[in-house]
Number of protein chains: 2
Amino acid sequence: MPMQEMQIAHHDCGDCPIRHRAVCARCEADELTALEQMKYYRSYQAGQTVIWSGDRMDFVASVVTGIATLTQTMEDGRRQMVGLLLPSDFLGRPGRTTAAYDVTATTDLVMCCFRKKPFEDLMLATPHIGQRLLEMTLDELDAAREWMLLLGRKTAREKIASLIAIIARRDATLRLKAPKGALVFDLPLTREEMADYLGLTLETVSRQISALKRDGVIVLDGKRHVTIPDFDRLLEEAGDDSDGGMPG
Amino acid sequence: MPMQEMQIAHHDCGDCPIRHRAVCARCEADELTALEQMKYYRSYQAGQTVIWSGDRMDFVASVVTGIATLTQTMEDGRRQMVGLLLPSDFLGRPGRTTAAYDVTATTDLVMCCFRKKPFEDLMLATPHIGQRLLEMTLDELDAAREWMLLLGRKTAREKIASLIAIIARRDATLRLKAPKGALVFDLPLTREEMADYLGLTLETVSRQISALKRDGVIVLDGKRHVTIPDFDRLLEEAGDDSDGGMPG
DNA sequence: CTTCCTGTTTGATCTGGGTCAAGGCTTTGC
DNA sequence: GCAAAGCCTTGACCCAGATCAAACAGGAAG
């Protein structure tokens with residue numbers, strides 16, 4: 001069994017999309033209590049499968065720490081990643097009983113879970129939660145559409161540059177760092193996972209990363225540790241228009 | 001100005017995602033009244049642009065009849081379609097003031113519109129609407145993810161077969177026809193639009209359609225009129241697992 | 001230390017789909 | 001009727017990225 005439940009202090013779950021504490025600040029106390037009472041935690045080790053496509057899924061969850069991926073696989077084994085869940089991202093769909101995608105922990109992962117039925121009941125009773133979920137789903141849809149442009153029309157080099165920019169941006173946002181200046185972070189994905197994200201082979205990913213390194217767009221220390229000397233240069237390579245949607 | 005307002009009888013808008021009449025049947029009368037009072041219609045001719053990416057967008061809408069597309073364009077002109085709006089689909093995002101994509105009418109198009117601000121107010125007051133919108137957005141997200149698998153991992157032939165299957169399925173659903181037996185319909189997209197949908201060139205689209213026709217997977221009468229003698233065969237060619245998500 | 005294992009890099013070759021180019025088929029307008 | 005404009009098809013050729021293959025790097029186990 002890949003799953004184990006564990007104890008985490010209330011405030012450790014600050015990035016939950018359901019925003020326990022935000023609800024607490026704005027709403028009646030019993031809403032907070034209801035959410036707090038039904039939440040629990042699960043942790044997974046890097047590489048573990050959280051759930052298989054088609055399996056019964058009786059919970060919804062949000063990522064507290066670590067990274068998970070959603071992937072689709074064709075019968076002959078071709079794989080395409082269709083979602084990348086970073087801390088604060090939401091997993092699961094109210095109103096659906098089975099998982100539509102394989103969900104895998106690519107790093108050690110802690111999720112804050114809610115059993116689906118009581119969560120759905122609470123959603124009906126608490127419009128804030130549904131509104132927040134709508135907002136998050138619309139953001140995911142926008143991300144999916146940017147991803148579609150990448151998959152359909154970008155070159156291998158542009159795809160790699162785009163992915164590195166996306167990870168750098170989310171990393172900076174999570175740490176509340178200023179987006180300008182040299183960005184430094186670790187790639188949380190293997191070459192093969194990047195290939196699954198980008199619709200490429202792992203060899204092409206490796207070659208294009210080497211090319212970006214040779215051209216000075218990125219600086220690599222080992223295989224994972226990346227420094228970006230000039231973020232605008234990276235965005236140019238990604239084929240994005242100037243700001244590329246950098247938040248803040 | 002590409003837009004003109006027009007009068008349509010109340011019941012002509014039966015496919016509005018907001019479901020005036022469903023709301024009417026289930027809810028208090030004043031909810032229905034509020035929606036009915038704020039709705040209005042716009043019609044566009046085939047080829048007209050509904051709105052450009054980045055433009056101010058002060059309304060949300062749903063397609064009543066016709067087809068619209070959402071596309072993203074890179075500076076050098078590469079285009080990728082990221083959404084295909086058929087009757088009953090929703091356009092616009094509560095909480096955003098500018099359009100994120102180019103929206104184009106590919107056939108003559110009638111949309112049922114609501115000014116954004118009063119619609120948002122009504123959403124806050126009427127949880128049903130937000131819940132319905134969440135449900136629709138989640139469906140769109142699922143469609144986007146299936147589309148990502150297509151763009152990232154399918155061959156040109158599979159992409160064409162998939163698109164034809166998607167159109168056939170939606171066409172059958174709209175007309176409430178049984179999905180089995182020979183399906184007959186018109187392709188609502190030009191070869192170039194299909195190419196933008198699939199991340200291909202129009203020449204490749206043309207060649208692959210010819211190949212599917214030669215192999216008897218589809219029967220073409222003229223350039224647009226398609227008959228599908230065996231839907232399961234088409235799904236095999238599309239690389240989808242058996243049912244391919246056919247609703248009903 | 002050596003061996004194994006997993007992830008990665010790099011090279012050689014192949015090929016699906018892009019690019020460039022030439023016509024063909026309808027519809028519209030004169 | 002003819003001409004022009006769209007849209008579509010088909011052919012010839014090319015190249016970005018896939019495939020096949022070999023070797024490398026670093027960590028874990030013995």
Side-chain angles (χ1 to χ4, degrees), chain A residues 45-48 69 74 76-80 104 106-107 150-164 186-215 218-226 237 239, chain B residues 45-48 69 74 76-80 104 106-108 150-164 186-215 218 220-226 237 239:
Chain A
Q45 292 174 357
Q48 278 190 324
T69 61
M74 295 171 68
D76 61 5
R78 281 176 282 175
R79 285 163 59 85
Q80 176 64 51
T104 310
T106 63
T107 65
L150 176 152
L151 289 171
R153 295 302 184 191
K154 289 190 177 180
T155 64
R157 168 181 267 243
E158 288 169 337
K159 285 178 175 181
I160 296 289
S162 299
L163 176 56
I164 293 175
D186 284 321
L187 291 173
L189 303 177
T190 66
R191 300 292 185 259
E192 184 171 20
E193 287 161 346
M194 291 187 237
D196 284 344
Y197 186 107
L198 300 169
L200 298 170
T201 60
L202 68 91
E203 293 95 327
T204 298
V205 169
S206 181
R207 272 185 256 271
Q208 296 298 335
I209 288 179
S210 297
L212 289 176
K213 176 182 169 187
R214 172 170 29 75
D215 299 344
I218 60 175
V219 178
L220 267 187
D221 177 20
K223 294 165 197 306
R224 297 293 195 92
H225 196 74
V226 178
E237 293 286 355
Chain B
Q45 291 174 357
Q48 279 190 325
T69 62
M74 295 171 69
D76 61 6
R78 281 176 282 175
R79 285 164 58 85
Q80 176 64 50
T104 310
T106 63
T107 64
D108 289 346
L150 177 152
L151 289 171
R153 294 303 185 191
K154 289 190 177 179
T155 64
R157 169 181 266 245
E158 288 169 338
K159 286 179 175 181
I160 296 288
S162 298
L163 175 57
I164 294 175
D186 284 321
L187 291 172
L189 304 176
T190 65
R191 300 292 185 260
E192 185 171 19
E193 285 161 347
M194 290 187 237
D196 285 343
Y197 186 107
L198 300 169
L200 297 171
T201 60
L202 68 90
E203 293 95 329
T204 298
V205 170
S206 181
R207 272 187 258 271
Q208 296 297 335
I209 288 180
S210 298
L212 289 176
K213 176 182 169 187
R214 171 168 32 74
D215 298 344
I218 60 175
L220 265 187
D221 177 19
K223 295 163 196 307
R224 297 294 195 93
H225 195 74
V226 178
E237 293 287 353

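The chains referred to below are lettered A, B, ... by the order of the sequence lines, with proteins before strands, and numbering in each begins at 1. Everything numeric in this text was worked out from a predicted model, so none of it was measured. The analysis underlying the following values was restricted to heavy atoms, covering all of them including side chains, and did not include hydrogens, waters or symmetry mates.
- In this entry the distance linking CD of A/Glu192 with P of C/dC5 reads 18 Å, nearest Å.
- Residues A/Lys154 and A/Lys223 both approach DNA chain D. Their nearest nucleotides, taken by heavy-atom distance, put A/Lys154 toward the 5′ side.
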Would A/Gln208 and A/Leu200 satisfy side chain to side chain contact (heavy atoms under 4.5 Å, CB included), going step by step from the backbone distance to the final call?
-> CA-CA 11 Å; A/Gln208 296 298 335; A/Leu200 298 170; 5.7 Å; no
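- A heavy-atom distance below 4.5 Å is not found between the side chains of A/His225 and A/Val219.
- Residue A/Arg224 is in sugar-phosphate contact alone, with no base atom involved, counting any heavy-atom pair closer than 4.0 Å across all strands shown.
- With the nearest nucleotide of DNA chain D identified for both A/Arg157 and B/Met194, B/Met194 has the one nearer the 5' end.
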Residues B/Leu163, B/Met194; criterion side chain to side chain contact (heavy atoms under 4.5 Å, CB included); working and verdict = CA-CA 8 Å; B/Leu163 175 57; B/Met194 290 187 237; 3.6 Å; yes
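- A/Val226 pairs with exactly one of A/Leu187, A/Ile209, A/Leu212, A/Asp221 by the side chain to side chain contact (heavy atoms under 4.5 Å, CB included) rule, that one being A/Leu187.
- Remark: C1' of C/dG7 and CG of A/Leu202 are 9 Å apart, rounded to the nearest angstrom.
- With a cutoff of under 4.0 Å to any heavy atom of chain B, the contacted region of DNA chain D is bounded 5' to 3' by D/dC8 to D/dA12.
- If you check every strand for non-hydrogen atoms under 4.0 Å, B/Gly47 touches nothing.
- For DNA chain D, the neighbouring residues in residues 205-215 of chain B, judged by any heavy atom under 4.0 Å, are B/Ser206, B/Arg207, B/Ser210.
- The CG-C1' distance, from A/Leu189 to C/dG7, rounds to 14 Å in whole Å.
- Of the possible donor and acceptor atoms, none in the side chain of A/Arg207 sits under 3.5 Å from a partner among the backbone N and O of A/Leu202.
- Considering only side-chain atoms of B/Glu203, the nucleotide from C/dT8, C/dT19, C/dG17 that sits closest is C/dT19.
- A side-chain donor-acceptor contact under 3.5 Å links A/Gln80 to the backbone of A/Asp196.
- Between the A/Lys213 side chain and the A/Leu220 main chain, no donor and acceptor come within less than 3.5 Å of each other.
- Put simply, the side chain of B/Arg157 reaches to within 4.5 Å of the side chain of B/Asp215, judged on heavy atoms.
- Put simply, the side chain of B/Arg153 never gets that close to the backbone of A/Arg78: no donor and acceptor are under 3.5 Å apart.
- Among the protein residues, B/Thr190 comes within range of the sugar-phosphate backbone only, with heavy atoms under 4.0 Å from sugar or phosphate atoms but none that close to a base.
- Going from atom CD of A/Glu193 over to atom C1' of C/dT6 covers 13 Å, rounded to whole Å.
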